[in-house]
Number of protein chains: 2
Amino acid sequence: MNAAAGSPSANAPIRVLVADDEALVRSGFKVLLDLEDDIAVVGEATNGHEAVERTRATRPDVVLMDIRMPKLDGIQATAQIAGTRGLEQVRVLILTTYDTDDYVFDALQAGASGFLLKDAGPSELLHAVRVVAVGDALLAPRITRRLIGQFAARRQVARAAEERLAVLTEREREVTALVGQGLSNHEIGNELFLSPATVRTHVSHAMVKLGARDRAQLVVIAYRTGLVSPAP
Amino acid sequence: MNAAAGSPSANAPIRVLVADDEALVRSGFKVLLDLEDDIAVVGEATNGHEAVERTRATRPDVVLMDIRMPKLDGIQATAQIAGTRGLEQVRVLILTTYDTDDYVFDALQAGASGFLLKDAGPSELLHAVRVVAVGDALLAPRITRRLIGQFAARRQVARAAEERLAVLTEREREVTALVGQGLSNHEIGNELFLSPATVRTHVSHAMVKLGARDRAQLVVIAYRTGLVSPAP
DNA sequence: GGACGCCGCCGCCCGCGGTCGGAGGCGGCG
DNA sequence: CGCCGCCTCCGACCGCGGGCGGCGGCGTCC
């Protein structure tokens, strides 16, 4: 059973830790999981602190984590596990009744690999465990939908805003992009092999067309339209 | 068979349109889907234009869409369907061999409800069809993982960058936020009931502490740190 | 061909913005 | 108590940035 320790290789069982404050839930999961040949429950925890501690001790492949737990909630526990050296290989699968936005996004931010609602069927849970065990991720369909919505919304804003840039000439867009990165007129001139005076003209035109009074406001617009991205 | 038209109610079959340029793939899917009692293939298309046209004509619940297709690719076809009045209820499930980032993100942006890779098993396909039919969403695990990565990365950057703001005093953060929205010193003064001279002092201090030479660079930093958000 | 408009280029003027130094009040700390 | 940090305000200097007008090149339309 536990002969093959360490790396979760080919046909070694997936080692799972179950963290939930309700004993009934834990035993239910344990029975369900242990019925499978390729899955073995190697530990249990009744709160967040225990979950972290047991994870450190048993180094499971997957942690089945409830969110609502005493002492330390599942999200914070997930963050601690993800932030611990040596536990990078441990995948956390969140399992909860509530699917509040904050919970989901915070959990993913904390480093969770999956997020299931407790109304999911047993086969879905088993499938999810196997998926996250190999390093992939899986979300409840309802949550996937919202994550996609979030993602699409961001880009939607960018697309719509980009149309404002249509009035600019190529040169104007170019200098505006550089202005958006905080460069001075002189620096832009060096960058584009232009006289600073010329750069000024382009900047001025861009400001008029975009309704910016300031070069600072031009930077704002550059960011809002996605002409420059907040990332590095 | 086609007695129950219109709304996809309780036990009416899920009406599916299959769009793929390879006849073998189409017939394979058709056989697989038609074997299920609750799923019925109501049409086929061999390119993007046909897919849009057939969708308009048959109003399926779900469109199984390949990306690589002649005339019009699956992503553009998806965008057209999502943008057509009266077809809002039609869910698009992308099915492709390639999982390039651009494909995935563009497809979700275009309005797709799901994204499967062709190495998925038949049961996964059937499950996906049923999931998107009820309005939820489903992605291949590998893709879910990358989407989460994207999402988490954004917030990660924001979190890390916010620490740069720790050196600022409360007032300095305040004025910096307003500078980040493109306000002039005078306007900031009115906003915070301060003399413009005072505002200058705070702005100067903030610039020194954050290493900004310009007020424009201060705007850049304000955005990068998430002190102001690109959205509204 | 001339007229017009857009683009890219430049020089001049001046006001906003950024820097420096200073001053007064207020709260916390040794 | 004296010291320090923060907030507030002021005046002076000066350089960048923004407004304005002008000039040449290129394409379009008449």
Side-chain angles (χ1 to χ4, degrees), chain A residues 161-230, chain B residues 161-230:
Chain A
E162 269 172 24
E163 295 173 12
R164 289 184 57 184
L165 302 176
V167 294
L168 299 183
T169 68
E170 183 55 34
R171 261 309 203 219
E172 286 162 356
R173 254 192 306 278
E174 216 167 349
V175 297
T176 303
L178 294 176
V179 168
Q181 296 171 22
L183 275 67
S184 71
N185 290 330
H186 187 74
E187 289 168 334
I188 296 175
N190 290 337
E191 195 80 17
L192 300 180
F193 303 103
L194 292 180
S195 151
T198 307
V199 177
R200 290 176 175 205
T201 310
H202 293 310
V203 173
S204 272
H205 288 165
M207 288 196 300
V208 171
K209 290 182 181 178
L210 297 177
R213 162 195 60 192
D214 240 28
R215 123 179 326 243
Q217 291 190 349
L218 201 56
V219 176
V220 171
I221 294 175
Y223 268 95
R224 290 227 222 268
T225 56
L227 187 59
V228 297
S229 56
Chain B
E162 269 173 24
E163 295 172 11
R164 289 184 59 185
L165 302 176
V167 294
L168 298 183
T169 69
E170 183 56 32
R171 253 328 195 207
E172 286 162 356
R173 254 193 304 278
E174 217 166 348
V175 296
T176 302
L178 294 176
V179 168
Q181 296 171 21
L183 275 67
S184 71
N185 290 330
H186 188 74
E187 289 169 334
I188 296 175
N190 289 336
E191 194 80 18
L192 300 180
F193 303 104
L194 291 180
S195 149
T198 309
V199 177
R200 289 175 160 222
T201 309
H202 292 311
V203 173
S204 270
H205 288 165
M207 288 197 300
V208 170
K209 289 182 180 178
L210 297 178
R213 159 195 62 192
D214 241 27
R215 124 181 325 245
Q217 292 191 348
L218 202 56
V219 176
V220 172
I221 294 176
Y223 268 94
R224 290 227 220 270
T225 56
L227 188 59
V228 296
S229 59

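The figures here come from the full heavy-atom set of this structure, side chains too, leaving out hydrogens, waters and symmetry mates. Here is how names work: the chains are called A, B, and so on, in the same order as the sequence lines, proteins then strands, and each is numbered from 1.
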Check whether Arg164(B) reaches the backbone of Leu210(B) with its side chain - one donor and one acceptor, N or O, closer than 3.5 Å. yes

Nearest-angstrom distance from the residue atom CG of Leu192(B) to P of dC7(D): 12 Å

Donor-acceptor contact present, side-chain Thr198(A) to main-chain Leu194(A), <3.5 Å: no

Atom-to-atom span, NE2 of His205(A) to C1' of dC7(C) - whole angstrom: 9 Å

To the nearest Å, give me how far apart NE2 (His186(A)) and P (dC10(C)) are. 14 Å

Rounded to whole Å, the CZ-P distance (Phe193(A) to dC9(C)) equals 13 Å

Atom CG of Leu183(B) and atom P of dC16(C): how far apart are they, to the nearest Å? 16 Å

Which of the following nucleotides, dG18(C), dG18(D), dC9(D), is nearest to the side chain of Val203(A)? dG18(D)

Kindly say whether Val167(B) contributes a backbone atom to a donor-acceptor pair with the side chain of Lys209(B) at under 3.5 angstrom? yes

Over all strands shown, is Glu170(B) touching base, sugar-phosphate only, or nothing at heavy-atom distances under 4.0 angstrom? sugar-phosphate

Leu194(B) CG to dC9(D) C1', straight-line distance once rounded to whole Å: 10 Å

Ignoring backbone atoms, test whether Thr169(A) places a side-chain nitrogen or oxygen under 4.0 Å from the OP1 or OP2 oxygen of dG8(C). yes

How would you label the contact of Ser195(A) with the nucleic acid (heavy atoms, under 4.0 Å): base, sugar-phosphate, or nothing? sugar-phosphate

For atom CE of Met207(B) and atom P of dG18(C), their distance in whole Å: 5 Å

Classify the side chain of Arg200(B) and the base of dG18(C) as holding, or not holding, a donor-acceptor pair under 3.5 Å. yes

Can you tell me how far C1' of dG17(C) sits from NE2 of His202(B), to the nearest Å? 16 Å

Test side-chain contact (heavy atoms from CB on, under 4.5 Å) on Leu178(A) and Leu192(A) and set out the steps. CA-CA 10 Å; Leu178(A) 294 176; Leu192(A) 300 180; 3.9 Å; yes

Can you tell me if the side-chain N/O atoms of Asn185(A) get under 4.0 Å from OP1 or OP2 in dG17(D)? yes

What nucleic acid atoms does Ser184(A) come within less than 4.0 Å of, heavy atoms only: base, sugar-phosphate, or nothing? sugar-phosphate

Which nucleotide, in any strand shown, forms a Watson-Crick or G-U wobble pair with dC29(D), with both distances under 3.5 Å? dG2(C)

Examine the base of dG8(C) for any acceptor or donor lying under 3.5 Å from a partner atom in the side chain of Arg171(A), and report the outcome as yes or no. no

Select from Asp214(B) and Val199(B) the residue whose nearest nucleotide in DNA chain D is closer to the 5' end of that strand. Val199(B)

Does OP1 or OP2 of dG8(C) have a side-chain N or O of Thr198(A) closer than 4.0 Å? no

For the side chain of Arg215(B) and the backbone of Met207(B), is there at least one donor-acceptor N/O pair under 3.5 Å apart? no

